[in-house]
Amino acid sequence: MKRLICRMGNPILRKRAQKIDKNSIKTDGFRQLLEDLKDSMDHYGGIGIAAPQVGIDLQLALIELEGINRYGEEINFPLTYFINPEITYLTDELQGFWEGCLSVPGLRGYVERPKKVRVNFLNQLGEEKEIVAEGFLATVLQHELDHLEGVLYIDRIKDFKLLSYQEEFEQFINTKALD
Ligand code: ZN
């Protein structure tokens, strides 16, 4: 069942989320939360969502990329749940994408982030996992995991001339976008 999205201004988006107790991962309540997050992401049309965005103070995010790309690149990343993720930046080299966020609706902003990251996390079965990501996926991961630290993408915009309403973005800029 979808849950309501918390928007910028809601303090839950501005605090560090609580670590998840490993023992709670297999409980019915937690499974329901995973399902609700997935339903919310699909309903609102995101490619990722973090628990604080639905008002849940837990270190949990999910990402699913299916063949999309407004960049001309094919990209597929199966539905993955990130529990208590730890991110490591593997390069200082930056790449920029136009980002958007369900919690900051109607806007797009250009954000530069490190090109390559490693993420260590627990999956929905409580198993330890590690992925190394580059390119678009690296940006999506950083965007979602930032939510668990109380950071929004707008905090990372360096040039506020590169912040646009969605309609104007499509009319005047329309090159690279990230849902
Ligand atoms: Zn977001």
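The residues of the chain are indexed from 1 along the displayed sequence. Counting starts at 1 for both ligands and their atoms, in listed order.
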Going by the ring pair (Phe, Tyr, Trp, His ring centres under 6.0 Å) test, which pairs reach into residues 146-168, not counting sequence neighbours?
-> H143-H147, H143-Y153
May I have all residue pairs that pass salt bridge (Lys or Arg N to Asp or Glu O under 4.0 Å) and include part of residues 24-34, sequence neighbours excluded?
-> none
So do R7 and V104 actually touch side chain to side chain, heavy atoms under 4.5 Å?
-> no
Between Y110 and F97, does the ring centroid distance fall short of 6.0 Å?
-> no
Decide, yes or no, whether a salt bridge links E112 with K158 under the criterion of side-chain N to carboxylate O below 4.0 Å.
-> yes
Partners passing side chain to side chain contact (heavy atoms under 4.5 Å, CB included) against K19 (at least two apart in sequence or in another chain) | Q59, N84, E86
Relative to the Zn ion (ligand 1), how many protein N, O or S atoms have a separation of less than 2.8 Å?
-> 3
